There are 2 protein chains.
Amino acid sequence: MSVRVRRSREDVVRTAGRLFAERGYHGTSMRDLGDALGLLGSSLYAHVDGKEGLLAEVIARGAALFQALADEVAAWEDRPTEQLRRLVAGHVRIVTENLDEARVFLHETRFLSPAHRRRVVELRDRYEAAYRDALAKGVAAGVFRPGLDVPFATTVVLSILNSLERWYRPAGPKTPEDLARDLFYFVLEAIT
Amino acid sequence: MSVRVRRSREDVVRTAGRLFAERGYHGTSMRDLGDALGLLGSSLYAHVDGKEGLLAEVIARGAALFQALADEVAAWEDRPTEQLRRLVAGHVRIVTENLDEARVFLHETRFLSPAHRRRVVELRDRYEAAYRDALAKGVAAGVFRPGLDVPFATTVVLSILNSLERWYRPAGPKTPEDLARDLFYFVLEAIT
DNA sequence: CCTACCGATCGGTAGG
DNA sequence: CCTACCGATCGGTAGG
């Protein structure tokens, strides 16, 4: 009954993302991945260099989405509230539309080789800086609470956003747009 | 150079918690665990039934700590703000004092057998209910914001608390007591 | 808790 | 992308 079709490298990476998200990197074998694609584990090596390279690619794709968001909101640096609103909305959109990559990014980065991991940690730090800068600018401009502990608030906001992958369900009561709005106002209440 | 001492079952479970937290369940072999304890992988079977039973025990210990907290705060049901304060403070204390178990509980529960996993999910749901009840009582009593979306706020509060294991560092600028206080007030600002 | 092992599975390769 | 493999490692057991 298995449907035999030619598989692209894109298919391999996307399916790897799904399996790594569901079973974890170490819980997924190359034969598991082959099975999911309708081919043998050994045949995967015609598409990719190896298992770790596949993990690195899945994670790099996730990281690129968040990085693009940080770059995008940089243009709004004169309006910190709008910057924060866009960061929250963009994060929710990325996670809800790329749940597998987001999960692998958050849970499996530690299994990357040191060289790959270093690059990902660097991107994560730059992403965090986008939030910290928006909060700091908002405090300086008087639109957020004076004396706000900016590093702490940054951590809490990212805690909320990074937990989305745990509980977001497409069939849940709120659409991604609802979530973006409600999460933004929850945070805004706490920091103003 | 390796120090040979007699190992207790307690040593095995605690070391398994550390390795499962650091490398993940599927990233830890019974030989890895034996090495960390100064004995052979095969010798572990004198102490435990098998690898999955070891995971179940590490997670059950973590779950028991949270369950005890939920039971404890039930006594304060007439004072929802105090109830929430104690839930947050208790959660921070449990995580900061049992970081390995908390990590395994959060990340490796999905690798339990269906029977073991079902019990853990049940406990987690009861723990979540303690937060939901405190918030609902607070809204009913008029101490929290009228019209607060209680299920949503519950999820956000637990998102914040469950992310602690990601960023808490004993050498960080805030003590666990500082964190408990600051996290509580962050949440309180958002829900009042 | 060690010795000595078991069958199964792992990531990966040579050659087509 | 398959055939036919490789050496290494996996969780686990029998017997002491």
Side-chain angles (χ1 to χ4, degrees), chain A residues 1-59 104 108-117, chain B residues 1-59 104 108-117:
Chain A
M1 282 305 286
S2 76
V3 182
R4 289 295 172 82
V5 292
R6 212 133 203 313
R7 296 303 185 173
S8 65
R9 181 187 166 79
E10 180 64 28
D11 292 329
V12 175
V13 176
R14 196 172 42 244
T15 304
R18 181 168 59 82
L19 294 192
F20 291 165
E22 284 171 4
R23 315 176 186 180
Y25 176 66
H26 286 304
T28 305
S29 72
M30 291 300 270
R31 283 163 181 83
D32 290 338
L33 179 53
D35 286 347
L37 286 158
L39 42 83
L40 294 178
S42 58
S43 301
L44 294 166
Y45 291 87
H47 295 287
V48 295
D49 279 347
K51 195 186 176 189
E52 206 260 342
L54 210 37
L55 176 62
E57 183 155 346
V58 171
I59 290 178
V104 176
E108 315 297 325
T109 294
R110 58 182 167 158
F111 301 124
L112 285 174
S113 65
H116 279 134
R117 189 170 58 244
Chain B
M1 282 305 287
S2 76
V3 183
R4 290 294 173 81
V5 291
R6 215 139 201 309
R7 297 303 187 172
S8 66
R9 182 187 165 79
E10 178 65 28
D11 293 328
V12 175
V13 176
R14 196 171 45 244
T15 304
R18 181 167 59 83
L19 294 192
F20 291 165
E22 286 170 3
R23 315 177 186 178
Y25 176 66
H26 286 304
T28 305
S29 73
M30 292 301 269
R31 283 162 181 84
D32 290 339
L33 179 53
D35 287 346
L37 287 158
L39 42 82
L40 294 177
S42 58
S43 300
L44 293 167
Y45 292 86
H47 295 288
V48 295
D49 279 346
K51 195 185 175 190
E52 207 260 342
L54 209 38
L55 176 62
E57 184 156 345
V58 171
I59 290 178
V104 175
E108 314 299 324
T109 294
R110 58 183 167 159
F111 301 124
L112 285 174
S113 65
H116 279 134
R117 189 171 57 242

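Residue numbers begin at 1 in each chain, while the letters A, B, ... track the order of the sequences. Values in this document were obtained by computation on a predicted structure and should not be read as measured data.
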Would you call the rings of A:Y25 and A:F111 parallel, tilted or perpendicular if under 30° counts as parallel and over 60° as perpendicular? parallel
As an exercise, state the distance from CZ of B:R14 to CD of B:E57, rounded to the nearest 0.5 Å. 12.0 Å
Rounding to an integer number of Å, can you tell me how far A:R23 CZ sits from C:dT9 C1'? 15 Å
Relative to the 5' end of DNA chain D, which residue comes earlier, B:Y25 or A:L40, by the nucleotide with the nearest heavy atom? A:L40
Return the OG1 to CG distance between A:T28 and A:L19, rounded to the nearest 0.5 Å. 5.5 Å
Protein-nucleotide distance (A:R31, atom CZ; D:dC10, atom C1'), rounded to Å: 13 Å
For C:dG12, does OP1 or OP2 lie under 4.0 Å from any side-chain N or O of A:Y45? yes
Does B:S43 place a side-chain N or O at less than 4.0 Å from the phosphate oxygens OP1/OP2 of C:dC2? yes
Are B:L54 and B:L44 packed together at the side-chain level, in the sense that at least one heavy-atom pair is separated by less than 4.5 angstrom? no
Regarding A:G41, tell me which of base, sugar-phosphate or nothing describes its non-hydrogen contacts under 4.0 Å with the strands shown. nothing
Separation of C:dA8 atom P from A:D32 atom CG, nearest Å, is 17 Å
Rounded to the Å, how far apart are B:L44 CG and D:dC10 P? 13 Å
Between A:D35 (side chain only) and A:D32 (backbone N and O only), is there a donor and an acceptor less than 3.5 Å apart? no
Whole-Å distance, A:H26 NE2 to C:dC10 C1', equals 12 Å
Using Watson-Crick or G-U wobble geometry with both distances below 3.5 Å, tell me the partner of C:dG7, or none. D:dC10
Selected nucleotide, minimal atom distance to B:S42 side chain, candidates D:dG12, D:dC2, C:dG12: D:dG12
Name the closest nucleotide to the B:A46 side chain, picking from C:dC1, D:dG11, C:dG12. C:dC1
Check the distance between C:dC10's P and A:E52's CD and give it to me in whole angstrom. 18 Å
What is the distance, rounded to the nearest whole Å, between atom NZ of A:K51 and atom P of C:dG12? 8 Å
Proximal nucleotide (of D:dC1, C:dG12, D:dG12) relative to the A:H47 side chain: D:dC1
When the distance from CG of B:D35 to P of D:dG11 is rounded to whole Å, what number comes out? 12 Å
What is the base-pairing partner of C:dC2, counting Watson-Crick and G-U wobble geometry with both distances under 3.5 Å? D:dG15
Quick one: is B:S29 getting a side-chain N or O under 4.0 Å of the D:dT9 phosphate, OP1 or OP2? no
